[in-house]
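Notes follow once the structure below has been shown.
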Amino acid sequence: MPEPAPGGHDTWRAYWEATGVPVEELPTGAGDIPESIVDQAGRGPRVVPAGPGAEDRRETVALRPEVDGGRDVPLDVRAGRVRAAVDRLVEAGAIVLKIKGEPNAELYAAAMQDPEGNEFDVV
């Protein structure tokens, strides 16, 4: 099912803007429609569109491991969970491309790449 925007916001874009993500970081149309799907039972991974450059890799969706426990968990706890998962993935051969930490947006995530060059986020 399409993932609804959190906090009663009509769109993800409205949510991102309300949490302080700078408008210049949001491409035209980003977040105006649901951009991810989730398992209704909450057991499966979140599926999101593949990021920039995906057309070169012929991928159209990406799995996004969610280890943080969701927005009901305090940010510092979620960040610790993400860091622990990132450490395990690095031990397995992945590399960290970027840490995404936006306190105003209540976000801590890591953009990573597996040994075959596939990019993914851990949130």
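In plain terms, the two heavy atoms of G93 and P115 that are nearest each other are O-CG, 3.5 Å. What you find for V86 and A110 is that their closest heavy atoms are CG2-CB, 3.5 Å. Shortest non-hydrogen contact noted between Q113 and F120 is C-CE2, 3.9 Å. Heavy-atom minimum distance, V123 versus A109: CG1-CB, 3.2 Å.
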side-chain contact (heavy atoms from CB on, under 4.5 Å) evaluation trace for M112 with V122: CA-CA 7 Å; M112 301 190 72; V122 177; 3.9 Å; yes
Would you please test E119 and D114 for side-chain contact (heavy atoms from CB on, under 4.5 Å) and show each step? CA-CA 6 Å; E119 295 179 12; D114 72 17; over 6 Å; no
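Both L89 and I99 are part of a single hydrophobic cluster, where members link through side-chain heavy atoms under 4.5 Å apart.
The main-chain N or O of E106 is found under 3.5 Å from a side-chain atom of R78 such that the two form a donor-acceptor pair. Looking only at distances, a side-chain donor or acceptor of W12 sits under 3.5 Å from a matching main-chain atom of E3. In this structure, the side chain of R13 does not engage the main chain of D32 through any donor-acceptor pair within 3.5 Å.
Within a 6.0 Å sphere centred on CD of E25, other residues, nucleotides and ligands contribute more than 12 heavy atoms. A 6.0 Å sphere centred on CG of D76 holds more than 12 heavy atoms belonging to other residues, nucleotides or ligands.
With Y108 as the aromatic partner, R83 meets the cation-pi criteria of under 6.0 angstrom to the ring centre and within 45 degrees of the ring axis.
When side chains are defined from C-beta on, I95 does not count as touching V90, because their heavy atoms never get closer than 4.5 Å.
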